[in-house]
Amino acid sequence: MTFPSELFPSVPVPNSKAVPNSKLASPKLQRLAAGKALRKQVPRSTHSQWSPGSDIAPQRKGDRHPLKLLEQSNQGRLKNLLPLRYERMAKSPFAFLRGAALIMAHDLATTPNTGLEIQAVGDCHLLNFGAFATPERNLIFDVNDFDETLPAPWEWDVKRLAVSVVVAGQDIKLSDRESTLAVLATVASYRRQMAELAEMTALNAWYSRLTVERILELSSSPNLKKKQLFPTPKVSYHAASSILPEMTQLVDGQPRIVDKPPLVYHLDGDNALLEMQHALPQYRESLREDVRVLFDRYELVDLAMKVVGVGSVGTRCAVALFMAGEQDALFLQIKEARRSILEPYTKPSRYDRQGQRIVTGQRITQAASDIFLGWMQGEAGHDFYIRQLRDMKSSVDLDELTGASFLEYGEFCGWALARAHARSGDAAQISGYLGQRDIFDQAIAEFATAYAVQNQQDHQTLVEALENPSLFQLS
């Protein structure tokens, strides 16, 4: 481990055999014991298992066709952007993994789990973590994408994160040994932090957070200490005023978002843009009353479509520019909220509006959330959620990392994920199941290595299919 010992203090897991049914046992000890008992039903070593036709779901052995699953995930997307989506996914196995969240959800549903649910991230990979400002303008490191959030087994997030470590490690040309060590460190970090959270009071666990200041203090990697990777709180990084000249130009004395087709564009009479604009009053109602007072100071001056990410390409996404003065800008990102890719494998969301599902899941899971986070539903029935665009946000450039700094970054992601899971799940039961030994870590590393091979094969299937125009007519 590259971290100093104080990062992960020793947190002993009580011997559950000493207090199996004792009325004197505290609820926390009972939950630790209950978690440990789950090992008999689902041995930790079984998490290493992966095969496309798992016996856990034998009825689905024949329905795993990656291209058909991708086509399924295309339903309802803007057809003119689908070629761009496939182009981005075809660039590398890691890009494919990012865009193929539905495929992995389909696969994770066939793997062992303990039955313990948390508010899952759903699309938990290395690039869905980053630094951003709290409402108090302090920088923290946390999960930052919740499009697929839904209650689900905690193991699914851990496994997707672990696979992303292996695939990203291969992408940046790390050795197999370096990638394996990074996976082991990531999962060990999750396990140890969960043990620490299990020992906290409910309030302390809820308010725990991983600050960028703490990362810079603990990290031994020069790469992670660079300001361009994790800016200090004193830097107004990507604040609206700083990106105003970058993203706009004056047209008839009024700032207007600059077109950069096919990624940013205006289209007169565009149905998606009109639907978003007409729904904005509904978004205002989703904000807290005190935030509405602030929001009302701003006036919408422009709205443009904006293509983002890999998995989101083809969904209805836009950027809205609001102004309260000449240099007083507020950029809001509007993203279409679709049904979670986890839903077919768990249960339907309790929320009819998918934007509300995402916002609620994000508020439950994140240590602190954007005050402008809200949702709305358009007249055509499309759901949306809204947040600030690039407000003091930053993410690590994986290409800048060495083996040692990549391993550390994985540890911080594992730590952040454990904290996120502990807010909605039972940290004591999960910790009791994981224990102090690295049995679970080793199993997940074995699973991640095997699934990385599967992902590479699926990526190659897409690359080969792109030469065939019938790809876009898959039924």
Side-chain angles (χ1 to χ4, degrees), residues 1-10 92-95 97-98 124-131 139-144 157-196 209-232 235 237 394-420 436-438 440-449 451-452 455-456:
M1 286 298 227
T2 58
F3 285 174
S5 58
E6 64 268 21
L7 176 59
F8 293 126
S10 176
S92 70
F94 185 53
L97 180 74
R98 291 175 61 191
C124 188
H125 62 73
L126 283 177
L127 290 185
N128 276 346
F129 292 77
L139 281 173
I140 61 174
F141 179 80
D142 209 341
V143 185
N144 61 12
D157 277 349
V158 175
K159 289 174 180 177
R160 182 155 171 79
L161 176 59
V163 170
S164 78
V165 172
V166 174
V167 178
Q170 294 169 345
D171 194 55
I172 62 174
K173 311 303 182 188
L174 297 184
S175 67
D176 290 344
R177 181 177 182 276
E178 287 175 315
S179 295
T180 299
L181 289 175
V183 174
L184 289 170
T186 299
V187 183
S189 174
Y190 177 92
R191 174 173 52 83
R192 290 167 175 161
Q193 186 61 20
M194 190 63 76
E196 185 171 335
R209 57 185 59 185
L210 178 55
T211 65
V212 169
E213 185 178 7
R214 184 69 169 147
I215 287 179
L216 297 177
E217 174 188 333
L218 293 171
S219 175
S220 61
S221 167
N223 300 72
L224 292 183
K225 289 180 179 290
K226 291 180 180 179
K227 287 184 179 180
Q228 61 263 37
L229 297 180
F230 285 124
T232 64
V235 179
Y237 194 76
S394 66
S395 59
V396 166
D397 184 347
L398 297 179
D399 290 328
E400 294 286 331
L401 301 184
T402 63
S405 57
F406 183 76
L407 182 147
E408 275 195 354
Y409 178 67
E411 287 177 310
F412 288 125
C413 291
W415 179 353
L417 183 61
R419 187 215 55 74
Q436 291 180 292
R437 297 169 61 192
D438 69 350
F440 180 78
D441 314 358
Q442 295 286 349
I444 295 298
E446 187 174 337
F447 168 84
T449 301
Y451 196 88
N455 180 76
Q456 191 170 31

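Computed from heavy atoms alone, side chains included, the values below leave out hydrogens, waters and symmetry copies.
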Are W415 and I215 close enough, and set up right, to give a side chain to side chain contact (heavy atoms under 4.5 Å, CB included), and what steps lead you there? CA-CA 11 Å; W415 179 353; I215 287 179; over 6 Å; no
To the nearest 0.5 Å, atom CG of L210 lies from atom CG of L417 at 12.0 Å
Side chain to side chain, C124 and V143, heavy atoms closer than 4.5 Å: no
Taking the six-membered ring of Y451 (Phe, Tyr or Trp), confirm whether the NZ or CZ of K159 is under 6.0 Å from its centre and within 45° of its axis. no
From S92 OG over to I172 CD1, what is the distance, rounded to the nearest 0.5 angstrom? 11.5 Å
Can you name the side-chain hydrogen bond (donor to acceptor under 3.5 Å, both in side chains) partners of D176, sequence neighbours left out? none
May I have the step-by-step check of side chain to side chain contact (heavy atoms under 4.5 Å, CB included) for R214 and I140, ending in yes or no? CA-CA 9 Å; R214 184 69 169 147; I140 61 174; over 6 Å; no
Step through the shown structure and confirm whether more than 12 heavy atoms of other residues, nucleotides or ligands are within 6.0 Å of CD on E178. yes
Side chain to side chain contact (heavy atoms under 4.5 Å, CB included) for L139 and T211? Distances and angles first, verdict last. CA-CA 6 Å; L139 281 173; T211 65; over 6 Å; no
Backbone N/O of P93 and side chain of N455: donor-acceptor pair under 3.5 Å: yes
Here the pair of heavy atoms bringing A131 nearest to F141 is N-CD1, 4.2 Å
After noting the C-alpha distance and the side-chain angles of E408 and S220, does the key distance pass the side chain to side chain donor-acceptor pair (under 3.5 Å) rule? CA-CA 8 Å; E408 275 195 354; S220 61; 2.7 Å; yes
For F129 and S395, what are the C-alpha separation, side-chain angles and deciding distance, and is it a side chain to side chain contact (heavy atoms under 4.5 Å, CB included)? CA-CA 7 Å; F129 292 77; S395 59; over 6 Å; no
A side-chain contact here means heavy atoms from C-beta on lying under 4.5 Å apart; do Y190 and C413 qualify? no
Contact check, side chains of L398 and D171, non-hydrogen atoms, under 4.5 Å: no
Would you mind reporting whether V165 and F406 have side-chain heavy atoms less than 4.5 Å apart? yes
If you measure from NE2 on H125 to CZ on F94, what distance do you get to the nearest 0.5 Å? 6.0 Å
Value rounded to 0.5 Å, distance of OG1 in T180 from CD in E446: 10.5 Å
Side-chain donor/acceptor of T449 to backbone N/O of A445, under 3.5 Å: yes
Out of curiosity, D441 CG to R192 CZ, how far, rounded to the nearest 0.5 Å? 7.5 Å
Is there a side-chain contact between L97 and R160 (heavy atoms, below 4.5 Å)? yes
Let me confirm one number: the CD1-CZ distance from I444 to R191, rounded to the nearest 0.5 Å. 12.0 Å
What are the two closest non-hydrogen atoms of S179 and V166, and how far apart are they? OG-O, 4.1 Å
Heavy-atom nearest pair, V183 first then A448, reads CG1-CB, 4.4 Å
